[in-house]
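Read through the structure below, which is laid out as structure tokens, and then see the notes.
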2 protein chains.
Amino acid sequence: MPESKAKAAAAQDAGLEAGALVNVRKRQARSAETRTNILNAATQEFAEFGFNGASTRSIAKRANVLHNLVIYHFETKIGIWQAVMRHALGWYHQAFEERLAGLRGVDPVTKLRLIQLDFVRMAAEHPELHWLMSHEAGQRGERIEWIINTLLGSGFETWRDLIVAAQEAGAYVKGDPLHLHYLFIGAAGRIFMLSAEVEHVLGKSPFDPDFVEEHARVVQELFFRDPPRKS
Amino acid sequence: MPESKAKAAAAQDAGLEAGALVNVRKRQARSAETRTNILNAATQEFAEFGFNGASTRSIAKRANVLHNLVIYHFETKIGIWQAVMRHALGWYHQAFEERLAGLRGVDPVTKLRLIQLDFVRMAAEHPELHWLMSHEAGQRGERIEWIINTLLGSGFETWRDLIVAAQEAGAYVKGDPLHLHYLFIGAAGRIFMLSAEVEHVLGKSPFDPDFVEEHARVVQELFFRDPPRKS
DNA sequence: GTCTATATTATGATAGAC
DNA sequence: GTCTATCATAATATAGAC
């Protein structure tokens, strides 16, 4: 935390008369808004250009704030980046946990089908997430280490368990479940990361809602298999 | 072309005594070597960091040359980038054309199987190619337009025709052939672009030769289907 | 919290000696 | 073709007024 920010927090903790308190709250609201704007702008910039390619100035410009406010709110460039990753991956994990919680009791094959459908739709709606990971996950380095150590939780176990269960039911293609999960990630998400090229070759945007659904359907046809008939 | 380079070429065209000619040839050889070193270094840098993230100085450092030689040999930053793309995509297209030429007369299903196998092996051996495209193909912009207009040839038609033929033989999953090609590209290549994360989650490098072959096998299991029995 | 101003380093690009 | 030196701009980051 920057010193000035810490001081402001301390001033708030101390007793303040009513009028001053209102002003403090107004300022806090504006601060929170600025911070959010910067965070969203930084998400887009880091997704598009990667850590090196993005600049605090372009982030500030996109967020419509003065460039030094980016550093003020997040201390360093790596600080903004970490905040972006925490926010993006946190949101992603939460979305899946809530989805899975809603599917309690559903059989694993259906469950896997449904969260894979969600995954495809999310890849179309939030390709930034794929880009953010993509820029880091390709080469060893401090940032991917940080992601692995502080943000990558036990999400993969859930996918693995569901795939194993679907395989045991004879409903999913055979093979190492986590390997298959990465095949799925590639098949499901890559087309949205190549959207400009795809648009030229296919003659339509992969983000077109109808296409997204068709895409999800075909992806599932690749991985799911008809289970053997019982008796 | 830089003026100094044009002058050197002119001097070469003029008559020169034997000793001087040898020196000119030595210089040309060194120049060509420098250019090649820069091109290879630039390929790695652009693949890793994208156009904005890479710098002419980091390219020069990697190539072990003085930083201004990068500009001398390629005029501008976009000039180096274009040379990299021409070289990388040219090599890629040539490799496939030669492979296909060698497969003249082979039935389309086998042909598709074999060039897909090559594609997977190439993605493992040269992930730079996927990165170079990846950094540009995600968003509209001058560079992807340049790629589409000057480098993207008729390669996609070949893939489409082979996929259609394999579908007609009942040996390939149904669906829009070019859409399926992008699904294949994602399934085949994405795992190598996430190598650092994959290594952590799977416990082994996706570049491991045995894994590459297993990966290629599973990818084909996703897309190829048993054709209906005859008679 | 925000704004102006500034320090410092990195970057793309050029000029001129050899 | 390469090397030294340099320029102009853009980058990360900080200091201090309000």
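No hydrogens, no waters, no symmetry mates; every other heavy atom, side chains included, goes into these values. Proteins come first, then strands; the chains are lettered A, B, ... in the order of their sequence lines, and each starts at number 1. This one's a predicted model, so the numbers in the text were calculated from it and none came from an experiment.
Contact annotation: A/Ser55 reaches the phosphate of D/dA11 (side-chain N/O to OP1 or OP2, under 4.0 Å). Side-chain nitrogen and oxygen atoms of B/Thr56 include none within less than 4.0 Å of the OP1 or OP2 phosphate oxygen of C/dT11. At C/dT2, one or more side-chain N or O atoms of A/His73 fall inside 4.0 Å of OP1 or OP2 (strictly under the cut-off). Between B/Thr34 and D/dG1 there is no side-chain polar atom (N or O) within less than 4.0 angstrom of OP1 or OP2.
For B/Leu69 and C/dC18, the CG to C1' distance is 14 Å, given to the nearest whole Å. Distance, B/Tyr72 OH to D/dT4 C1': 16 Å, rounded to whole Å.
One donor-acceptor pair, N or O on each side, does fall under 3.5 Å between the base of D/dT4 and the side chain of B/Asn68.
The side chain of B/Arg57 lies closest to C/dG12, out of C/dG1, C/dG12, D/dT14. In the set D/dA13, D/dA5, D/dC3, D/dC3 carries the atom at the smallest distance from any side-chain atom of B/Leu66.
A 4.5 Å side-chain heavy-atom check between B/Phe184 and B/Phe119 finds at least one atom pair inside the cut-off.
The residues A/Arg62 and A/Glu48 are annotated as salt-bridged, a charged nitrogen and a carboxylate oxygen being separated by less than 4.0 angstrom.
Residue contacts for A/Ala54: at a heavy-atom cut-off of 4.0 Å it reaches the sugar-phosphate backbone alone, with no base atom in range.
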